[in-house]
Each structure stands twice: as structure tokens, then as C-alpha cells.
Amino acid sequence: MASVPTPFARQTRLIVLPSAAHATTLAAIIVAGLYFGRSILVPLSLAVLLSFVLSPLVLVVRKSGVPRAVAVAVVVSLMMAAVGVLGLGMARQVTELANDLPRYEETLREKLKSLRTGAAQTGIVDKATATLKVLGKELDQAPPQSSTSPASTSVDSARPIAVEVHTPPERPLDTYQRIVSALLAPLTTTGIVLILIVFILLQREDIRDRFIRLVGADDIESTTTALNDAAFRLSRLFLAQTALNSAFGVVIAAGLWSIGVPSPLLWGIIAALMRFIPYVGSLLAAIFPVLLAAAVDPGWSMVLWTLALYLTVEPIVGHFIEPWLQGQTTGLSPLAIVVSAILWTALWGPIGLLLATPLTMCLVVLGRHVEGLAFLDVILGDEPALSPPEIFYQRMLAGTSAEAADQAQQILRSSSLLEYYDTVALTGLKLASRDAHRRNLDEGRMTALREGVALLVDDLSDHTLVPPADVKVEAEEGNRHEETEETTALILSKGELRPDWRGEIAPVLCLAARTPLDAATAEILAQVLRRHGISSAASSVTQLAELRGLALDGVRVVWISSIDAAQSHAQIRYIVRRLKRSMPDLIVCGGFWDGATSDDLANNSGIAHRASNFSEALAVTSMLAREHPEAADVDAHSLSATNLAEPLVRAPSRAGSPPERLVHQN
């Protein structure tokens with residue numbers, strides 16, 4: 001029988017993985033190529049990433065009718081001018097600071113002297129010095145010799161002659177040569193990057209077409225989507241990061257100026273630039289201002305204020321403003337950011353640390369759009385690796401029902417309890433049934449899973465049926481209002497029930513057909529009915545002989561709950577015959593949660609009503625329970641899970657597109 005698509009079904013892409021030896025060899029070749037080719041790959045990566053940032057500016061300039069070459073020249077010139085202005089400002093501040101350093105030297109000496117004096121008063125320094133001297137004397141003593149010989153005496157008497165090496169004074173030409181040698185590599189890299197940026201911006205469309213022809217000519221739409229996604233994410237990341245870091249530098253400069261630290265503009269620029277380095281940039285930028293504050297102020301107040309400035313501004317920016325500003329721009333998990341920073345730093349040094357986030361983000365974009373690289377999105381991406389039903393099933397399988405309850409509480413903030421049971425719990429139990437059908441799930445593990453579901457159902461016994469009215473969901477207010485009214489309409493009061501349904505004995509019995517998974521669905525259905533005003537109980541029939549002792553006094557409706565009705569036809573027919581033999585007037589309904597609604601099973605076995613999810617079962621039971629079913633606002637035929645309430649739980653999106661709303665299966 002064809003499988004019924006579940007609400008959380010995703011477009012699964014089959015990936016044929018190479019053998020372990022081939023994968024290891026390929027990974028080693030890639031890592032070696034990145035390491036040994038860094039002299040070429042680093043300038044190329046910088047140029048490509050910066051071209052993504054500058055391309056929107058080139059397009060803006062071109063909108064005024066300027067030719068591409070002129071627009072590229074204008075944008076690159078503005079970039080170089082901005083870098084030159086920052087460099088001149090920093091050079092000026094450094095010169096002023098160098099001229100003032102002799103004034104701060106005496107203050108720093110006095111402060112160090114006071115520290116030594118305070119330590120000497122406590123005796124710590126003296127004790128440590130005396131201990132070190134004693135240890136040094138013990139280490140310097142020569143080992144005792146048992147006997148001396150004339151040969152050894154003659155050798156000891158021949159002591160080596162001390163030789164001193166004096167370095168000739170350095171000439172000015174040598175100094176200039178050393179400075180030029182140190183600056184030659186960065187200047188060469190900068191020049192190469194500028195040339196590559198100009199050519200990439202000039203030939204942007206041609207390079208893009210060649211790339212599409214090379215890697216994605218068979219699927220131009222997917223390749224174009226991937227390029228656009230990468231360009232958008234990179235541009236937004238760099239622009240947002242530049243704006244945020246500039247604001248961070250302005251705040252630091254203003255704070256240091258108010259504190260009185262010299263050259264605040266220099267430290268503000270350094271703070272803005274260093275913050276492009278993840279995690280450690282801001283901490284490194286704070287070292288020199290703190291040391292300078294210690295050298296300027298005879299006391300310690302300026303040092304403490306400087307530390308407080310950095311320790312206050314950086315957490316606010318890093319933990320609140322930056323996540324809010326960027327949102328899901330990068331698409332990277334926090335662990336992936338940390339690991340990528342370590343990896344790229346090991347391969348390319350400080351430049352690798354600077355480029356770690358954008359380069360890893362490009363890998364995630366490739367994983368979302370290239371079929372063979374989907375594992376990159378799973379490993380590095382920030383989207384959930386498992387759908388909510390898969391998480392539910394895994395938590396129950398692992399015996400961590402508390403984690404499943406936490407997941408349920410999060411989903412129920414914007415979804416009703418009935419929606420959760422239909423779209424998450426029921427779908428998760430279908431996954432368990434699939435594994436049981438494959439004989440991957442034995443009876444003991446199914447029993448443990450049922451016990452976990454029972455604990456979850458008990459935890460949710462007092463949860464509100466619908467989310468609070470002030471919860472904001474991504475749906476139109478009118479539709480949401482109608483959904484809430486329809487859900488509330490199924491909550492029956494005692495006066496709306498038939499007289500024979502108002503007794504102390506539960507009129508509805510939810511009977512598990514065969515397996516512990518059936519028992520789990522029966523318990524969920526019983527709670528759903530109870531929460532909507534219909535008294536019900538759950539029971540199971542693991543052995544057919546147990547039907548003899550089944551108490552049916554006062555029962556009006558029996559729901560036979562089966563998660564795998566397609567494999568339980570004979571069992572279900574036998575249960576229905578025994579129930580009808582005991583109580584001919586009993587209404588027997590079938591909860592066939594796998595969608596097995598064949599006419600043969602329903603008509604020939606005596607099933608009066610069928611349902612494929614808890615919403616339909618609730619609608620049928622509500623119709624049967626009402627004293628005047630014709631006056632009901634809803635009936636079993638028109639009310640289904642689809643029009644009862646549009647589910648709010650969403651499955652992860654894997655192609656960069658917005659997630660689609662889920663629909664219940666009918």
C-alpha cells in the first residue's frame with residue numbers, strides 16, 4: 001500500500017556516500033590544498049568576499065547611468081579613501097601617543113613601586129625570593145665524586161676561555177630594509193586583492209555565467225538561487241557587521257574620552273576593526289587602553305572604569321544587539337562558528353579567523369542547494385536537524401520523556417493541544433510503527449515508549465486547549481479567531497450530552513487493538529475526549545482472551561485504536577465481533593491512524609465510523625454525544641483536522657525557502 005505523506009514529510013535527497021577510505025583521502029587532499037595554497041587562496045577569498053559586499057554599491061552607482069568601469073572605479077576609490085582616512089587618523093593618534101609616553105613612564109614606575117612595597121609589607125616577595133635562592137643553590141651544586149684521578153684533575157684544570165660576541169651597530173639602511181621586508185608581504189597581498197576586486201566587479205556577469213556553466217548548467221534555477229542566496233547573506237552580513245562594529249567603536253571612543261584615556265579615537269578605531277575577529281577581537285582591543293589607563297592615572301579608578309566600559313558594552317552588543325540585527329543572516333549554528341574559527345585559523349592564521357564565518361556560511365549555502373553537499377547544512381547549519389515528530393520519537397525512544405515534555409511546552413505556546421497531538425505525537429508514533437514493522441523495534445522498547453507517552457499525557461493533562469490570545473502567530477487574525485471558535489465549540493458541557501452519557505461510568509472506551517503503540521494512541525485519544533467534556537477511558541487488548549473480562553457496562557462507544565490497521569485486519573474484525581456479541585447496540589468506531597480506511601475493513605467488520613487523526617475522532621464522538629446533534633455547529637463529515645485548526649508547528653526548511661504550513665492528513 002502506498003505510504004501516506006505525513007505533515008512533516010520533507011523532500012529527502014538520497015546521497016551516495018563514498019567509502020571511508022575515499023572520504024578520508026578526499027578530506028586530506030582538500031585540507032592540504034587549503035594549507036599549502038594559502039598564499040593564493042587567501043587573496044582570492046578576500047577579493048571574492050569583498051566583491052560580494054561592493055557589488056550592491058556598484059549597482060546603485062550604475063542606476064544613475066554611469067558605465068560599469070566608471071562605477072567600479074568610483075566604488076573602489078571610495079573604499080580606498082575610507083581606508084586611507086582611517087590609516088591617517090590612526091597614524092596621527094599614534095604619533096601623539098608616542099610623544100606623551102615619557103610623561104606616563106614616571107607614573108607607571110611609581111605604581112609598580114607601590115605594588116612592590118605592598119607585597120613586601122606582607123612578606124610574600126621576600127619569602128618567594130628566599131625560596132628561589134635556596135633552590136638555585138641546590139641546583140648549582142656539582143654532584144659529589146667518589147674518587148679523583150690525575151687525568152680528571154688535569155681536565156678540570158683546563159677551563160674554557162669565555163668568548164663574547166658583539167653585534168655591530170645597526171645602520172639606517174639596515175633599519176629601512178627590515179621595515180620594508182616586514183611590510184612587503186602585506187602590501188603585496190593588498191595589491192593583489194585590489195586588482196582581483198576590480199576585475200571581479202568588471203566581469204561579474206561573465207564570471208557568474210561561467211560558474212553556472214561549470215557546475216550547474218543542468219539546473220540553472222538551483223544554481224542561480226544558490227548564488228543569489230550566498231550574495232544576499234554575505235552582503236547583509238558584512239554591511240550589518242560593519243555598521244555594528246562602527247557603532248561599537250564610536251561608543252568605545254566616546255567612553256574612553258569621558259574617562260580621560262589618551263587617544264580615544266585610536267582605541268575606538270582599533271576596537272571597531274578588532275571586533276571583526278570573532279570571540280577574541282574585543283578582548284585584545286581592550287588590552288592597550290587598560291595598560292594606558294594604568295600608566296596615566298596614579299590611582300586605579302581609570303583602569304576600573306576602562307574595564308567596566310569594555311565588559312559592559314561588548315556583552316550588550318554581542319548577546320543582544322548583534323543577534324537581533326543579524327537574525328538568521330549567517331544560518332550557522334553556534335558550535336559551527338566556534339569550530340570553523342579554530343579550523344580556518346589553523347589553516348590560514350589570523351586572516352582565517354577573520355574569514356571563518358563568511359567562508360563557513362558559503363559552505364552552508366552550498367549544502368542547502370547542492371545535492372551531494374547536503375551534509376554540510378546538517379552539520380554546520382542552524383536549522384533543526386530533526387523535525388518535531390522525529391524529535392518526539394527520538395526522545396521517547398531514548399527514555400527522556402522530560403525533554404519531550406519541554407518540546408511540547410514550546411510548541412503549545414502557539415498551537416493548540418489537539419494540533420500538537422495530531423501533527424507531532426501521532427506522526428512520531430507512526431515513525432515508531434514503521435520501525436516496528438521493519439522489526440527494528442521489539443516489544444520491550446515499544447512498551448517503554450508507551451510508558452513515556454503515558455507520562456507525557458499526564459504532564460499535559462492540565463494544559464490549556466488553545467494558546468493564549470496574546471500569542472502572536474504567523475496567521476491572519478480572522479482565520480485564527482475562527483480556528484479558536486471551532487476548537488472551543490467541541491468542548492461540550494454536561495447539559496449538551498445525552499442523558500445516558502452523563503453517568504459516572506465513562507461512556508467512551510478507547511481500546512488498543514494489538515501493540516503497545518496502539519495503547520499509546522488510545523491513551524492520547526482518551527485524554528482528548530476528556531478535555532473536551534466527554535468522559536472516556538483507555539484500555540488495551542494484548543491478548544484476545546482479555547476481551548471476555550472487559551467491562552462494558554455503561555459504555556456507548558468503543559474506539560478501536562490501531563496505529564497499523566493495515567496489518568491488523570483480522571484482529572480488528574475479531575474484536576468487533578466479540579464486542580457486538582456482548583452488546584449489540586454498542587457503536588464501534590475505528591481509529592485507523594495509518595490511514596487504512598478501506599471499505600472492506602469498515603463495512604464487513606461492523607465499524608460505524610472511521611477517523612485517521614484525533615481531530616476527526618473528536619468530531620465523530622462529539623456528534624454522537626450531543627443530545628441534539630442536528631443543532632451542532634460542526635458535524636463529523638464537515639469537520640476534519642484540516643479545517644479545524646491550521647497547524648502552527650512547522651518543519652525545518654532545507655532549501656533556503658520559507659517553511660510551508662503543515663496540513664493534517666485526512
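With rounding to the nearest 0.5 angstrom, the CD1 atom of Ile524 is 11.0 Å from the CG atom of Leu418. Going from atom CZ of Arg577 over to atom CD1 of Ile572 covers 12.0 Å, rounded to the nearest 0.5 Å. For the atom pair CZ of Phe592 and CD1 of Ile607, the computed distance is 4.5 Å after rounding to the nearest 0.5 Å. In this structure, the separation between OG on Ser415 and OH on Tyr420 is 10.0 Å, given to the nearest 0.5 Å. Rounded to the nearest 0.5 Å, atoms CD (Glu403) and CG (Asp406) are 7.5 Å apart. To the nearest 0.5 Å, atom CG of residue Asp442 and atom CG of residue Asp435 are 11.5 Å apart.
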Test Glu523 against Cys510 for side-chain contact (heavy atoms from CB on, under 4.5 Å), laying out the working first.
-> CA-CA 7 Å; Glu523 292 181 1; Cys510 300; over 6 Å; no
Before giving the answer on side-chain contact (heavy atoms from CB on, under 4.5 Å), spell out for Arg395 and Ile391 the whole-Å C-alpha distance, their side-chain angles and the decisive distance to 0.1 Å.
-> CA-CA 6 Å; Arg395 301 300 187 266; Ile391 295 175; 3.7 Å; yes
Where do Arg581 and Arg578 land on the side-chain contact (heavy atoms from CB on, under 4.5 Å) test, with the steps shown first?
-> CA-CA 5 Å; Arg581 189 180 305 170; Arg578 292 300 303 264; 4.0 Å; yes
Criterion side-chain contact (heavy atoms from CB on, under 4.5 Å) on Glu451 and Thr447, from CA distance to verdict = CA-CA 6 Å; Glu451 295 174 355; Thr447 302; 4.0 Å; yes
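Counting heavy atoms from C-beta outward, Tyr421 and Leu525 have side chains that stay 4.5 Å or more apart. Between Leu624 and Val508, the closest side-chain pair of non-hydrogen atoms is not below 4.5 Å. Between Arg434 and Arg438, the closest side-chain pair of non-hydrogen atoms falls below 4.5 Å. Side-chain contact between Asp594 and Ile563 is absent, with no heavy-atom pair separated by less than 4.5 Å. Tyr393 places none of its side-chain heavy atoms less than 4.5 Å from the side chain of Leu386. Using a 4.5 Å heavy-atom cutoff, the side chains of Leu449 and Leu429 are in contact. The shortest distance between side-chain heavy atoms of Thr515 and Asp564 does not fall below 4.5 Å. At least one side-chain heavy atom of Glu443 sits less than 4.5 Å from a side-chain heavy atom of Met446.
In summary, Arg610 and Glu616 do not engage in a salt bridge, as defined by a charged side-chain N under 4.0 Å from a carboxylate O. A salt bridge links Asp500 to Arg556: at least one charged side-chain nitrogen sits closer than 4.0 Å to a carboxylate oxygen.
For the pair Ser622 (side chain) and Leu618 (backbone), a donor-acceptor distance under 3.5 Å is present. Judged by distance alone, with hydrogens and angles left aside, the side-chain atoms of Thr400 form no donor-acceptor pair with the main-chain N or O of Met396 at under 3.5 Å. Although no hydrogens or angles enter the test, the distance criterion places a donor-acceptor pair under 3.5 Å between the side chain of Arg498 and the main chain of Arg626.
Taking both residues in full, the closest heavy atoms of Ala432 and Leu441 are given as O-CD2, 3.6 Å, listed atom of the first, atom of the second, then distance. Between Ser536 and Ala526, the closest heavy-atom pair is OG-O, 2.7 Å. Closest approach of Ala513 and Gln571 over heavy atoms only: O-NE2, 3.1 Å. What you find for Thr360 and Ser340 is that their closest heavy atoms are OG1-CB, 3.0 Å. Taking all atoms of both residues into account, the shortest heavy-atom contact from Val558 to Leu511 is CG1-CB, 4.1 Å. Nearest approach of Ala506 to Ala537, heavy atoms of both residues: CB-N, 4.0 Å.
Using modelled atom types, one finds no donor on one side chain facing an acceptor on the other under 3.5 Å when comparing Asp518 with Ser561.
Relative ring orientation between Phe614 and Trp593 is described as tilted, the plane-to-plane angle lying within the 30° to 60° band.
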